[in-house]
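Counting starts at 1 for both ligands and their atoms, in listed order.
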Amino acid sequence: MLNRRNFLTAAVGVAAAGGLAACAKEDEGGSSSSDGNGGGKKITLGFAQVGSESGWRTANTKSVKAAAKDAGYTLKFSDAQQKQENQISAIRSYIAQKVNVIAFSPVVVTGWDAVLKEAKTAKIPVILTDRSIETSDDSLYVSFIGSDFTDEGRRAGKMLETVLEKAGHKGAVKIAQLEGTTGAAPALERAKGFKEIMDADHKDDWKIVVSQTGDFTRAGGKQVMAAFLQSNPDINVLYAHNDDMALGAIQSIEAAGKKAGKDILIISVDGVKDGFVAMSEGKINGIVECNPLLGPQLMELVKKVNDGETVERRIKTKEGDFLQEQAKDALPTRKY
Ligand code: GZL
């Protein structure tokens, strides 16, 4: 592991409005016998998930459901299949059911003010998890718990420097970039952070020759990489905004008769198990970890918010960076 990064939480006190508790029929993530509320009314959490597009998302969903069950909360859970309109409908449904707290991972950064104003009017506090939003009204959510994607992009750039050196690469660096979902915070910010490193230290030798969204899916990565190789057969680096797109791209790289991790060096983000397996096989050269296991921290936050306590405005998750030689040793202890 290059270095384990511990991010301090930026404590900005925000008092949260209490919410009304009520139960209704939904995909309830289950709850255990304890009421999760010190003997008071059971907390009901409405969670609007992005979808099930990647291994990271699967691990994130498992973490949220398991932690809600352990906390004894009633969880109402929805999968938006990566469509903003579905997430907005789910949030409206949670408002109608008068849940205590709403949490969601916004599929894209814009278009949330109207529905979050409805939650505010209903006095239901909202927590952002995983991804953030762009809004001029800070009162629309009480806290954002998730990674610093711009820093992940910077880390990917620094990791590429190390990988190029280890590979003894000489000459121009022609980079293909597989972007995440168009308009999503991780896509915008991972591209921004990587470009900061390029602009600062590699204006003359690195160039992103092609960049397109693969929508964070394996199928998307495979399809777009095949097109990249048609138009730019001399690509020598792939920067993928997540492992699933990298894994799909590897299929196209190999179909083109090239060696992933050698002919085309690959830097990815997330650190799901399949990504580590590919790294241990020499097909991915480095992975910037993005931790999906937000469930326990989220449930602690839900309790504080429900009790009207002051909460941190921004909570960042702990993450590491992994190069190929660390993959085999790290695999047995990977939690997702
Ligand atoms: C990042 C998360 C991203 C992952 C992808 O926190 O929002 O969405 O990097 C997932 O794998 O689809």
Side-chain angles (χ1 to χ4, degrees), residues 5 7 47-64 79-84 86-87 103-110 112 127-134 143-156 159 177-194 213-222 224 238-250 266-276 278-279 284 286-295 297-298 314-322 334-336:
R5 298 163 178 273
F7 294 94
F47 191 92
Q49 182 59 292
V50 166
S52 48
E53 73 282 0
S54 64
W56 190 99
R57 189 64 56 200
T58 303
N60 180 247
T61 290
K62 269 173 74 177
S63 176
V64 167
D79 171 337
Q81 286 106 39
Q82 290 186 281
K83 291 181 175 58
Q84 181 173 31
N86 291 350
Q87 278 193 302
F104 76 114
S105 169
V107 60
V108 292
V109 295
T110 55
W112 301 102
I127 297 169
L128 301 184
T129 78
D130 169 29
R131 299 182 184 179
S132 58
I133 64 171
E134 283 171 6
S143 185
F144 165 40
I145 174 172
S147 302
D148 180 337
F149 302 129
T150 306
D151 192 55
E152 290 175 349
R154 295 187 197 104
R155 287 154 54 193
M159 187 180 275
Q177 178 174 231
L178 276 171
E179 301 167 20
T181 302
T182 303
L188 297 167
E189 294 167 24
R190 285 171 184 165
K192 175 169 172 270
F194 188 84
T213 181
D215 208 18
F216 281 133
T217 66
R218 289 196 192 199
K222 180 179 179 181
V224 174
L238 168 64
Y239 169 39
H241 289 180
N242 83 330
D243 293 343
D244 286 73
M245 293 191 292
L247 292 164
I250 288 169
I266 300 180
I267 302 292
S268 183
V269 187
D270 274 353
V272 297
K273 193 153 282 181
D274 288 351
F276 269 77
M279 203 153 54
I284 291 180
I287 295 182
V288 171
E289 187 183 40
C290 176
N291 187 347
L293 307 180
L294 306 175
Q297 278 180 293
L298 172 61
R314 177 72 175 98
I315 299 169
K316 292 185 182 178
T317 39
K318 295 182 179 62
E319 314 183 319
D321 297 335
F322 295 86
R334 293 301 298 168
K335 295 193 180 75
Y336 62 95

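- Partner Q49 forms a side chain to side chain donor-acceptor pair (under 3.5 Å) with one of D79, T129, T61 and no other, that one being T61.
- Within the 3.5 Å criterion, the main-chain N or O of T110 finds no donor-acceptor partner in the side chain of E134.
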Between E189 and R131, does the salt bridge (Lys or Arg N to Asp or Glu O under 4.0 Å) criterion hold? Intermediate values first, please.
CA-CA 10 Å; E189 294 167 24; R131 299 182 184 179; over 6 Å; no
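- Using modelled atom types, one finds no donor on one side chain facing an acceptor on the other under 3.5 Å when comparing H241 with E152.
- In this view, D130 and W56, R57, S105, F149, L294 satisfy the side chain to side chain contact (heavy atoms under 4.5 Å, CB included) rule, not counting sequence neighbours.
- Of the candidates L247, D243, D244, D244 is the only one forming a side chain to side chain contact (heavy atoms under 4.5 Å, CB included) with S54.
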Would you mind writing out a table of all protein N or O atoms found under 3.5 Å from any N or O atom of ligand 1, naming both atoms and giving the distance to 0.1 Å?
residue, atom, partner, partner atom, Å
ligand 1, 6 (O), D130, OD1, 2.3
ligand 1, 7 (O), R57, NH2, 3.1
ligand 1, 7 (O), D130, OD1, 2.9
ligand 1, 7 (O), D130, OD2, 2.9
ligand 1, 7 (O), R131, NE, 2.7
ligand 1, 7 (O), R131, NH2, 3.4
ligand 1, 8 (O), R57, NH2, 3.0
ligand 1, 8 (O), R131, NH2, 2.8
ligand 1, 9 (O), R190, NH1, 2.8
ligand 1, 9 (O), R190, NH2, 3.2
ligand 1, 9 (O), D270, OD1, 2.6
ligand 1, 9 (O), D270, OD2, 3.4
ligand 1, 11 (O), S54, OG, 3.0
ligand 1, 11 (O), N242, ND2, 2.9
ligand 1, 11 (O), D270, OD2, 2.6
ligand 1, 12 (O), E53, OE2, 2.5
ligand 1, 12 (O), S54, OG, 3.0

